[in-house]
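Everything numeric in this text was worked out from a predicted model, so none of it was measured.
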Amino acid sequence: ITPTQAEFIQIKERNRLTQYADEAIATGLRKPLAAIVEYLRDPDSKHLHEAAQAEYMRVVRSIQFIQRDDPGYRLPVSELFKGQKTREEADVKPEALLKLLADYQQPWEVRVRVCFLLLGSAAPETNAKLIAAIKDDPSLEVAKHAQLALEQRVKRRFRIFDIPAIEAWWKSQGN
């Protein structure tokens, strides 16, 4: 490979990283961000680590500061709980909310609202389910709101999407 070809290949790889970041910001999906993280972890991509880090930070900051959800959105309880006597969000039990949070077939707006509603949950598994959403939900918007809810519940802040720190804290709590 000539130096010119090597440079061309690096430019193409950097463009791919930028494309992943653009997709993550535009769609709010976790998958393109995960591709960027793979570049950060790949020892064969050392020449791209700074570019990958910059794109990762661009995505995270965008997700952190862009508000995609409608502040006036409320759960469509009559649709979600057909045949039940649930009329308002306040009537929904934490167990039902946790099921909605884990159901990726539900629109991301529903799962984001559930994160807010779980702030007052007394269900013992709530924090674990919020951590699972931070780690696994396909929507970065849901992951962000799950982290915000967890932070408010435990009265502790973490860097956004710092899953290793969240998991270390969770382990230190005896879980």
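Scanning for side-chain contact (heavy atoms from CB on, under 4.5 Å) contacts around Arg74 gives Glu89, Arg113, with sequence neighbours left out. The side-chain contact (heavy atoms from CB on, under 4.5 Å) check on Lys99 picks up nothing, with sequence neighbours excluded. Residues meeting the side chain to side chain donor-acceptor pair (under 3.5 Å) test with Arg157, sequence neighbours left out: none. Pro32 is linked by a side-chain contact (heavy atoms from CB on, under 4.5 Å) to Tyr20, Glu23, Ala24, Leu29, counting only residues two or more places apart in sequence or in another chain. Considering only residues two or more places apart in sequence or on other chains, Arg61 meets the salt bridge (charged side-chain N to carboxylate O under 4.0 Å, His left out) condition with none of them. Gln67 meets the side-chain contact (heavy atoms from CB on, under 4.5 Å) test with Asp69, Pro71; sequence neighbours excluded. For Lys135, the salt bridge (charged side-chain N to carboxylate O under 4.0 Å, His left out) criterion is met by Glu167, not counting sequence neighbours. Under the salt bridge (charged side-chain N to carboxylate O under 4.0 Å, His left out) criterion, Asp22 pairs with Arg58, sequence neighbours left out. Not counting sequence neighbours, the partners of Asp162 by the salt bridge (charged side-chain N to carboxylate O under 4.0 Å, His left out) test are Arg159.
In this structure, Gly28 and Ile63 approach most closely via the heavy-atom pair CA-CD1, 4.3 Å. Of all the heavy atoms in Ala146 and Ala133, the pair that sits closest is CB-CB, 3.8 Å. Taking all atoms of both residues into account, the shortest heavy-atom contact from Val59 to Ile25 is CA-CG1, 3.9 Å. Minimum heavy-atom separation, Ser121 to Arg153: O-NH1, 2.9 Å. The two atoms that bring Gln147 and Phe158 nearest to each other are NE2-O, 3.4 Å, heavy atoms only.
A 6.0 Å sphere centred on CD of Gln173 holds more than 12 heavy atoms belonging to other residues, nucleotides or ligands. The neighbour count for Tyr73 OH, taken as heavy atoms of other residues, nucleotides or ligands under 6.0 Å away, is above 12. In this structure, Gln64 places its CD atom where more than 12 heavy-atom neighbours from other residues, nucleotides or ligands lie under 6.0 Å away.
For the pairing with Tyr39, the side-chain contact (heavy atoms from CB on, under 4.5 Å) check across Arg16, Gln53, Lys46 returns one residue only, Arg16. With respect to Leu118, the side-chain contact (heavy atoms from CB on, under 4.5 Å) criterion is satisfied by exactly one of Asn127, Leu97, Leu150: Leu97.
Other members of the cluster containing Ile11 do not exist, because no ILVMFWY side chain is joined to it at under 4.5 Å. In this structure, Ile1 belongs to a hydrophobic cluster whose other members, linked by side-chain heavy atoms under 4.5 Å apart, are Ile9.
Between Arg30 and Asp137 there is no salt bridge, since none of the side-chain N atoms of the basic residue sits less than 4.0 Å from a carboxylate O of the acidic one.
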Please list every donor-acceptor pair under 3.5 Å in which a side-chain atom of residues 80-88 meets a protein atom from a residue at least two apart or in another chain.
none

